[in-house]
Amino acid sequence: MLDMKFIRDHLDEVEKRLATRGGELSLAGFRALDERRRSLLTESERLKALKNSASEEIAKVKDKSQVQDKIVQMKEVSQQIKVLDDELKGVEEELSCLLMVLPNLPHPSTPQGRSEADNVVVRTWGEPRTFDFEPRPHWEIGEQLGILDFERAAKITGARFVLYKGAGARLERALVNFMLNLHTGEHDYTEVLPPFMVNRASMTATGQLPKFEEDLFRIADPDFLLIPTAEVPVTNIHRDEILKKSDLPICYTAYTPCFRREAGSYGKDTRGLIRQHQFNKVELVKFTHPGCSDAELEKLTSNAEKVLQLLELPYRVMALCTGDIGFSACRTYDLEVWLPGQNGYREISSCSSFGDFQARRAGIRFREDEKSKPEFVHTLNGSGLAVGRTVVAILENCQQADGSVLIPKALRPYMGGLERIN
RNA sequence: GGAGAGAUGGCCGAGUGGCCGAAGGCGCUCGCCUGCUAAGCGAGUAUACUGGGACAACCGGUAUCGAGGGUUCGAAUCCCUCUCUCUCCGCCA
C-alpha cells in the first residue's frame, strides 16, 4: 500500500511512475474521495467534541430535569453523527479499495520496460555444458528413471501434480535440507516452519489480496487460503508489531509447499515439473531498516545464487523491468537457471524488495530512536530456491548419455552418499 | 463435537454507566542520591487519524480497553453477533 499522504501531495508523480508498469491506471477520483473523507471527518469530530463536552456537563448535574433540553439536543446531535459516520465509512471503504489495488512504485534502479523482453541481464555464472548427445527434457529423464510419475499424480488429483518416487523423492528432500542447512548455517537465517494456510488478513498484508484471489486455492469452511509462497506466512510473523531497531535485519528461511491455481496459464508448461499446482520452495525473508534494503537485496540474491553455485548449475541474474515486476515489489532480481532440455534459461528464484509497501499494509514498524515515532520497516524476500525447478535443473544438466543422472557433489551427503541415479 | 472460563497499555493487574486513555505494580527512559554492586528518590513512558503551525518544536480535536453492531445525553463497564485463548469431556495424527 502506498502512503495516502504521499499520493495526496504527489498525485501526478505517482500516476506517472505507476504508468511505467503498463496497464490502465487512473487516480482520478482519489482526490475527490480524499477531500470528501476529510470534510466528513472534520464535521463528525466537531459534533463529537460538542457531544462530549455536553455529556460532561450533564454528568455534573444531579437533577437531570434541569438539563432536559440539553439531553434532547444531544440526542439530535448523536443522530447527525451517525449519519455522517455512515457516509464516512462508505467513503473510507471506497478509498481503501482504491488504495489496496494500487501496485507499488517501481524503485529508481528498476529498468524501464514493458515486458519480460526488456529485462536486463546483470551477470551470468557458469558455462552451459555442451552435450555429445541430444539432451532430453527432465520429464523424460524422470519418467524413465521411475522417479517422477505424472500419470498417477493425475489419477490421484489432477493435472499439474506430480508423484515423486524413490531417489526422486529423496532428491527433493535432500534439496530442502541442503538449502535450509546452507541458509541457517552459512547465511545466518533463522529457520521457521509456518502454517501452510493463512487467513485473509495475512494475504492482504503481503499483497495477494484483494487483487489476485483467482491465483489462490481456498479452503471453503473456515475461510482460509493455501499459501502460494512462504512469503505470506513468514512476512506476517511480525504483522502489527513494532520491532526493535537493534534486532534488524531479521532474517528467516522457511521450507513450505506452495499452492497456485495457475489460472490463465492454460497451455503453458503443461509437461513436467515447471508449473505445478503444488511445489516445494525454500524461501528467504528479511525485515530491514529502510536505509539497508538495497544492500540487503544484493545479499539475499547472492544467498540464493550460492545454492546454484554449490550445485554447479549455470545461471544468470536478471533485473526485472518496470513492466515485469510484481504487484508489491519495487525491484526484483530473477535468477534463471540454464535448462538444456529447453535450451534456455528459466526462472528458479525471484528476489524482491518491497520497500515499505508490505510493511504499511501489515503494520510492521520500528523506532529510529527511543523517543521517535514508529516508521515502517522494509521487507524483502526471495526463493532460495524453488525446489521442484532445482530438480528439473539437476536432471537436465546432469543427465548422462546412458539416461542416468549424476548427483552434484554438494548434494551427495544428503542422498546417503548416492552418486548417480539410474 | 459437548460443557465452562476469559480477552484491558511493553508485561502483570484493578476497574459493573459519567470525574477512565484508563488505579496500582513491574519493566523501560531521563535526572537525583548513594565512595563499587544492590537499594532509594523524582519525572516521564501507547497508537492512528485530523485541525493549526514551516507537512519543526508544539498546541488542539477525535477514535481506540479482542472485532463488529445495539441501548444511552454518556459504555472498558449493559445487550447481541463473531473471533481468539484457556480448562474439562469426547474424538484423533
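Every chain is numbered from 1 and lettered A, B, ... according to where its sequence line falls, protein lines coming before strand lines.
With both ends at atom C1', the span from rA23(B) to rA76(B) equals 14 Å, rounded to whole Å. rG15(B) and rA7(B): their C1' atoms are spaced 15 Å apart (whole Å). Rounded to whole Å, the P atom of rC19(B) lies 16 Å from the corresponding atom of rC78(B). Rounded to a whole angstrom, the distance from the C1' atom of rG10(B) to that of rG4(B) is 31 Å. rG69(B) and rC30(B) have their P atoms separated by 42 Å, with the value rounded to a whole Å.
Residue R365(A) has no polar side-chain atom (N or O) positioned under 4.0 Å from OP1 or OP2 of rU47(B). An OP1 or OP2 oxygen of rU47(B) is reached within less than 4.0 angstrom by a side-chain nitrogen or oxygen of R367(A). Side-chain nitrogen and oxygen atoms of N199(A) include none within less than 4.0 Å of the OP1 or OP2 phosphate oxygen of rC84(B). In terms of phosphate contacts, N52(A) brings no side-chain nitrogen or oxygen within less than 4.0 Å of OP1 or OP2 of rG61(B). Checking the phosphate oxygens (OP1, OP2) of rU50(B), a side-chain nitrogen or oxygen of R8(A) falls inside 4.0 Å.
Across the protein-nucleic acid pair, F366(A) atom CZ and rU47(B) atom P stand 14 Å apart, rounded to whole Å. Here the P atom of nucleotide rG51(B) and the CD atom of E35(A) are 11 Å apart, to the nearest Å. If you measure from atom NZ of K51(A) to atom P of rA75(B), you get 6 Å, rounded to the nearest angstrom.
The partner of rU45(B) is rG27(B), judged by Watson-Crick or G-U wobble contacts that both fall below 3.5 Å. When Watson-Crick and G-U wobble pairs are counted only if both distances are under 3.5 Å, rA56(B) pairs with no nucleotide at all. rA7(B) is paired with rU83(B) under the criterion used here, namely a Watson-Crick or G-U wobble arrangement in which both key atom distances are under 3.5 Å. Within the shown strands, nothing qualifies as a pairing partner of rC20(B) under the Watson-Crick or G-U definition with both distances less than 3.5 Å.
With respect to E213(A) and R200(A), a salt bridge is recorded, a charged nitrogen being found less than 4.0 Å from a carboxylate O. Salt-bridge annotation for K281(A) and E283(A): present, with a side-chain N of the basic residue lying under 4.0 Å from a carboxylate O of the acidic one. Remark: R36(A) engages E87(A) in a salt bridge, criterion side-chain N to carboxylate O under 4.0 Å.
Nucleic acid contact class of R46(A) (heavy atoms, under 4.0 Å, all strands): none. Counting any heavy atom pair closer than 4.0 Å across all strands shown, K48(A) reaches sugar-phosphate atoms only and no base atom. Note on K64(A): a base of the nucleic acid sits closer than 4.0 angstrom, heavy atoms only. Using a 4.0 Å heavy-atom criterion, one finds that A49(A) contacts the sugar-phosphate atoms exclusively.
Closest to the side chain of D9(A), from the set rC73(B), rC55(B), rU47(B), is rC55(B). Set against rU47(B), rG74(B), rU50(B), the side chain of S55(A) has rG74(B) as its closest nucleotide. Among the nucleotides rC49(B), rC73(B), rG51(B), the one closest to the side chain of K5(A) is rC49(B).
For N181(A) and Y414(A), the side-chain atoms include at least one donor-acceptor pair closer than 3.5 Å. Using modelled atom types and a 3.5 Å distance limit, the side chains of E191(A) and Y252(A) yield no donor-acceptor pair.
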Does F259(A) form a ring pair (Phe, Tyr, Trp, His ring centres under 6.0 Å) with F196(A)? I'd like the steps, not just the answer. CA-CA 9 Å; F259(A) 304 91; F196(A) 301 159; 7.3 Å; no

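Although no hydrogens or angles enter the test, the distance criterion places a donor-acceptor pair under 3.5 Å between the side chain of N236(A) and the main chain of S202(A).
When each of E92(A) and K89(A) is assigned the nucleotide of RNA chain B bearing its nearest heavy atom, the one mapping closer to the 5' terminus is E92(A). If you find the closest nucleotide of RNA chain B to I58(A) and to M4(A), the one lying nearer the 5' end belongs to M4(A).
Residues from residues 75-82 of chain A with heavy atoms under 4.0 angstrom of RNA chain B, sorted by number: K75(A), S78(A), K82(A).
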